[in-house]
Amino acid sequence: MGRYDGRIALVTGAARGIGYAIAQRFAQEGARVAVVDLDPEAAKKAAAALPGADHPRTSHLGIGCDVSDSAAVEAAVEKVVSDLGGIHVLVNNAGITRDNLLFKMTDEDWDLVMNVHLKGAFLMTRAAQKHFVAQKFGKILNLSSVSALGNRGQANYSAAKMGIQGFTRTLGIELGPFGVNANAIAPGFIATDMTDATAARLGLPVEEFRKLSGESNPVRRVGYPEDIAATAAFLCSDEASYITGQTLYVDGGATLD
Ligand code: NAP
């Protein structure tokens with residue numbers, strides 16, 4: 001018996017990185033997963049590579065969807081419900097960065113980051129909660145970041161990620177009475193394409209950037225997508241049903257001092 005047997009989970013931005021690791025972990029523990037990502041082919045390919053994909057009873061679904069597009073989000077959630085037979089878990093993970101110092105940050109840099117992280121989480125959650133409230137069961141997990149606490153060059157991203165924490169607290173208050181838990185994870189440095197792109201922007205080789213980042217926290221290593229996936233699997237499980245509205249920092253202790 002897996003903790004996720006019979007559960008259907010929708011994970012956004014799950015074609016790669018942290019989202020894919022969460023999808024993989026849920027599938028390993030028995031869930032059927034809808035991999036939602038911008039590129040439909042990448043989403044389908046990722047879904048086809050998940051554990052259980054080779055059996056019709058445990059297979060998964062890949063859907064192309066821009067999480068900041070209201071109509072596309074409504075359609076994606078309804079497709080998950082009709083094709084997989086319901087929805088029990090939503091992970092708002094899709095994300096982008098458009099880093100720049102404030103005086104160089106454009107309107108587009110601001111709007112894009114707000115739209116993907118904040119509006120995307122809002123649209124997805126509003127579409128999924130209809131089903132969660134009707135069935136008196138649901139788990140919502142939002143991806144925040146240590147950058148929520150402030151980070152040079154990330155005024156847009158930092159504001160969005162702190163916004164995610166307020167959004168999560170409000171979901172906890174509004175949806176708790178309907179059997180729905182909402183929590184957030186704030187990862188520290190996680191080795192993915194997103195942080196590799198930061199290394200490139202800083203002109204540092206990826207391995208050196210990871211080494212320097214790892215050395216700067218108490219645990220003395222960088223995080224990996226699997227670290228976030230393990231936390232996600234706990235927070236969206238029945239074992240965490242008394243936890244709601246919380247943001248858990250999974251950062252090797254980076255924010256302790
Ligand atoms: P990643 O490797 O860049 O993957 C992000 C995924 O989201 C990509 O597959 C991307 O698709 C997809 N995506 C982007 N915009 C989208 C949209 N509008 N609609 C649907 N999907 C979209 O990022 P990651 O490092 O795994 O990060 C995942 C989440 O964790 C993000 O919310 C990020 O802010 C957060 N986080 C990451 C770190 C870290 O150190 N990596 C730290 C703290 C928080 P494309 O490939 O087509 O662009």
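All of these numbers come straight from a predicted model, not from anything done at the bench. The first residue in the sequence is number 1, and the count goes up from there.
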K.L.:
Could you tell me whether the side chain of Ile140 reaches within less than 4.5 Å of the side chain of Asn92, counting heavy atoms only?
P.N.:
yes
K.L.:
Would you sort out whether Arg16 and Asp193 count as a side chain to side chain contact (heavy atoms under 4.5 Å, CB included), showing the intermediate values?
P.N.:
CA-CA 8 Å; Arg16 58 185 166 97; Asp193 292 347; 3.0 Å; yes
K.L.:
I'd like to know if Phe167 and Phe132 are part of one continuous hydrophobic network [Ile/Leu/Val/Met/Phe/Trp/Tyr, side-chain heavy atoms within less than 4.5 Å].
P.N.:
yes
K.L.:
Does this structure show an ion pair linking Glu41 with Lys45, if we count only N-O contacts that are shorter than 4.0 Å?
P.N.:
no
K.L.:
How many angstroms lie between OG1 in Thr168 and CD1 in Ile173, if you round to the nearest 0.5 Å?
P.N.:
11.0 Å
K.L.:
Applying side chain to side chain donor-acceptor pair (under 3.5 Å) between Glu74 and each of Lys130, Arg126, Lys79, report the one that passes.
P.N.:
Lys130
K.L.:
Return the minimal non-hydrogen interatomic distance between Ala159 and Trp110, and the atom names on each side.
P.N.:
CB-CH2, 3.9 Å
K.L.:
Which atoms form the tightest heavy-atom contact between Cys236 and Leu141, and what is the distance?
P.N.:
SG-CB, 3.7 Å
K.L.:
Does any N or O in the side chain of Asn142 come within less than 3.5 Å of the main-chain N or O of Ala182, such that one atom is a donor and the other an acceptor?
P.N.:
no
K.L.:
Taking the side chain as every heavy atom from C-beta outward, state whether Val67 and Val116 have any pair of such atoms under 4.5 Å apart.
P.N.:
yes
K.L.:
Would you say His55's side chain and Ala53's backbone share a donor-acceptor pair under 3.5 angstrom?
P.N.:
no
K.L.:
If you group Ile, Leu, Val, Met, Phe, Trp and Tyr by side-chain heavy-atom gaps below 4.5 Å, do Val35 and Leu84 land in one group?
P.N.:
no
K.L.:
More than 12 non-hydrogen atoms from neighbouring residues, nucleotides or ligands closer than 6.0 Å to CZ on Arg169, yes or no?
P.N.:
no
K.L.:
Using atom types as modelled and distance alone, determine if a side-chain donor or acceptor of Asp251 lies under 3.5 Å from a backbone N or O of Pro187.
P.N.:
no
K.L.:
Which one of Val89, Val91, Ile185 satisfies the side-chain contact (heavy atoms from CB on, under 4.5 Å) criterion with Leu235?
P.N.:
Ile185
K.L.:
Could you check whether any side-chain N or O of Asn156 sits under 3.5 Å from a backbone N or O of Ala160, counting only pairs where one atom can act as donor and the other as acceptor?
P.N.:
no
K.L.:
Is Val77 close to His131 at the side-chain level, that is, under 4.5 Å between some pair of heavy atoms?
P.N.:
yes
K.L.:
Does Ala184 offer a backbone N or O that forms a donor-acceptor pair with the side chain of Thr247 under 3.5 Å?
P.N.:
no
K.L.:
Closest approach of Ala27 and Leu50, non-hydrogen atoms and distance?
P.N.:
CB-CB, 4.3 Å
K.L.:
First locate atom CD1 of Ile87, then atom CE of Met124, and finally report the distance between them rounded to the nearest 0.5 Å.
P.N.:
8.0 Å
K.L.:
Mind running salt bridge (charged side-chain N to carboxylate O under 4.0 Å, His left out) on Lys211 and Glu207 for me, showing each step along the way?
P.N.:
CA-CA 6 Å; Lys211 185 169 169 282; Glu207 282 315 318; over 6 Å; no
K.L.:
Starting at CG of Leu149, measure out to OG of Ser144 and round the result to the nearest 0.5 Å.
P.N.:
8.0 Å
K.L.:
Do Leu38 and Leu10 belong to the same hydrophobic cluster, where Ile, Leu, Val, Met, Phe, Trp and Tyr are linked whenever their side-chain heavy atoms lie under 4.5 Å apart, directly or via other members?
P.N.:
no
K.L.:
Flag yes if Leu90 and Phe234 sit in one hydrophobic cluster, no otherwise; membership is Ile, Leu, Val, Met, Phe, Trp, Tyr, and two members link when side-chain heavy atoms are under 4.5 Å apart.
P.N.:
no
K.L.:
Kindly compute the distance separating CZ (Phe122) from CG (Leu118), expressed to the nearest 0.5 Å.
P.N.:
11.0 Å
K.L.:
Main chain of Gln246, side chain of Asn183: is a donor-acceptor contact present, judged purely on distance under 3.5 Å?
P.N.:
yes
K.L.:
As a test of understanding, state which of Gln154, Lys161, Arg152 forms a side chain to side chain donor-acceptor pair (under 3.5 Å) with Ser147.
P.N.:
Gln154
K.L.:
Just wondering, do Pro51 and Gln24 contact through their side chains at under 4.5 Å, heavy atoms?
P.N.:
yes
K.L.:
Between Phe189 and Ser216, is any pair of side-chain heavy atoms under 4.5 Å apart?
P.N.:
no
K.L.:
Can you tell me if Ile243 has over 12 outside heavy atoms packed within less than 6.0 Å of its CD1?
P.N.:
yes
K.L.:
What's the spacing between Thr97 OG1 and Asp109 CG if we round to 0.5 Å?
P.N.:
10.0 Å
K.L.:
Side chain of Thr12, backbone of Ala94: donor and acceptor closer than 3.5 Å?
P.N.:
yes
K.L.:
Kindly give the heavy-atom pair with the smallest separation between Pro225 and Ala21, and that separation in Å.
P.N.:
CB-CB, 3.4 Å
K.L.:
Please confirm whether the backbone N or O of Ile96 pairs with a side-chain atom of His117, one donor and one acceptor, at under 3.5 Å?
P.N.:
yes
K.L.:
Sub-3.5 Å donor-acceptor pair from the side chain of Tyr4 to the main-chain atoms of Ala233, do we have one?
P.N.:
yes
K.L.:
State, to 0.1 Å, how close Ser213 and Val222 come at their nearest heavy-atom pair, and which atoms those are.
P.N.:
CB-CG1, 4.1 Å
K.L.:
Salt bridge between Asp238 and Arg7, side-chain N to carboxylate O under 4.0 Å?
P.N.:
yes
K.L.:
Do NZ/NE/NH1/NH2 and the carboxylate oxygens of Glu29 and Arg25 come within less than 4.0 Å?
P.N.:
yes
K.L.:
Tyr242 versus Asn181: any side-chain heavy-atom pair under 4.5 Å?
P.N.:
no
K.L.:
How about Thr198 and Asp99: does a side-chain donor come under 3.5 Å of a side-chain acceptor?
P.N.:
no
K.L.:
Tell me whether Ser68 contacts the main-chain N or O of Gly120 through its side chain, where contact means a donor paired with an acceptor under 3.5 Å.
P.N.:
no
K.L.:
Looking at every non-hydrogen atom in both residues, tell me the closest pair between Thr195 and Phe209 and how far apart they are.
P.N.:
O-CE2, 3.5 Å
K.L.:
Would you say Val11 and Ile8 are hydrophobically clustered, going by side-chain heavy atoms of ILVMFWY under 4.5 Å?
P.N.:
no
K.L.:
Is there a side-chain contact between Arg32 and His88 (heavy atoms, below 4.5 Å)?
P.N.:
no
K.L.:
In the structure I gave you, are the side-chain heavy atoms of Met105 and Val113 within less than 4.5 Å of one another anywhere?
P.N.:
no
K.L.:
Kindly compute the distance separating CD (Glu226) from CD1 (Ile22), expressed to the nearest 0.5 Å.
P.N.:
10.5 Å
